[in-house]
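Computed from a prediction, not measured in an experiment: that's the story for all the values here.
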Amino acid sequence: MIDTKPTNQNTKKVDITTTAIRLMLDKAKNVDEALELLSSYDMHSSANSCYHFQICDASGKSVVVEYVDNEMKVVYPDKNYQCATNFLLTNPDAEFNFGQDRYQIIDE
């Protein structure tokens, strides 16, 4: 969860909240299937924040999915791996960001 404007997509798809995590674990065999699942729902905040999910699979593929301005954005790794902490990778300079210090430690 990231402390910013809550995610509330409204594109006439079926609504989903953090239950998306359970859905991906139960139904997706890999990152691509997880992305397909997420894109078929409208994400809504149940915690009054926006969300981002780090998704990895057994092959080593990873992405971070962020919901910014009610749009699902996929961030692909710029290295062989990817990590996430409590700030948006799609907007690392936003005022509400914190956690860059933890990100730097993980990255190193």
Nearest atoms (heavy-atom pairs only) where [X] meets [Y]:
{"X": "Ser62", "Y": "Pro77", "answer": "O-CD, 3.1 Å"}
{"X": "Met43", "Y": "Ala20", "answer": "CE-CB, 3.8 Å"}
{"X": "Gln9", "Y": "Met72", "answer": "NE2-N, 3.7 Å"}
{"X": "Ala34", "Y": "Ala28", "answer": "N-CB, 3.5 Å"}

*Give the C-alpha distance, both sets of side-chain angles, the deciding distance and a yes or no for side-chain contact (heavy atoms from CB on, under 4.5 Å) between Tyr41 and Leu23.*
CA-CA 11 Å; Tyr41 290 89; Leu23 177 74; 3.4 Å; yes

Does [X] have any side-chain hydrogen bond (donor to acceptor under 3.5 Å, both in side chains) partners at least two apart in sequence or in another chain, and if so, which?
{"X": "Asp15", "result": "His44"}
{"X": "Asp69", "result": "none"}
{"X": "Asn70", "result": "none"}

_Worked verdict on Val63 versus Leu35 for side-chain contact (heavy atoms from CB on, under 4.5 Å)_ = CA-CA 9 Å; Val63 297; Leu35 292 174; 4.0 Å; yes

*Check whether any side-chain N or O of Thr19 sits under 3.5 Å from a backbone N or O of Ile16 as a donor-acceptor pair, and report yes or no.*
no

*Just wondering, are more than 12 heavy atoms of other shown residues or ligands nearer than 6.0 Å to NZ in Lys27?*
no

_Does Glu36, at its CD atom, have more than 12 non-hydrogen atoms belonging to other residues, nucleotides or ligands within less than 6.0 Å?_
no

_Quick test of your reading: applying salt bridge (Lys or Arg N to Asp or Glu O under 4.0 Å), list the pairs with at least one residue in residues 43-63, sequence neighbours left out, ordered by first then second residue._
Asp32-Lys61

*Partners meeting side-chain contact (heavy atoms from CB on, under 4.5 Å) with Glu71 (sequence neighbours left out)*: Lys73

*With sequence neighbours excluded, tell me which residues meet side-chain contact (heavy atoms from CB on, under 4.5 Å) with Leu25.*
Ile21, Arg22

*Check whether any side-chain heavy atom of Val65 sits under 4.5 Å from a side-chain heavy atom of His52, and report yes or no.*
no

*Could you go step by step and tell me if Leu38 and Ile55 meet the side-chain contact (heavy atoms from CB on, under 4.5 Å) rule?*
CA-CA 11 Å; Leu38 284 178; Ile55 305 169; 3.9 Å; yes

*Please report the C-alpha distance between Asp42 and Val14 in whole Å, then the side-chain angles of each, then the deciding distance to 0.1 Å, and finally whether the side-chain contact (heavy atoms from CB on, under 4.5 Å) criterion is met.*
CA-CA 6 Å; Asp42 274 349; Val14 174; over 6 Å; no

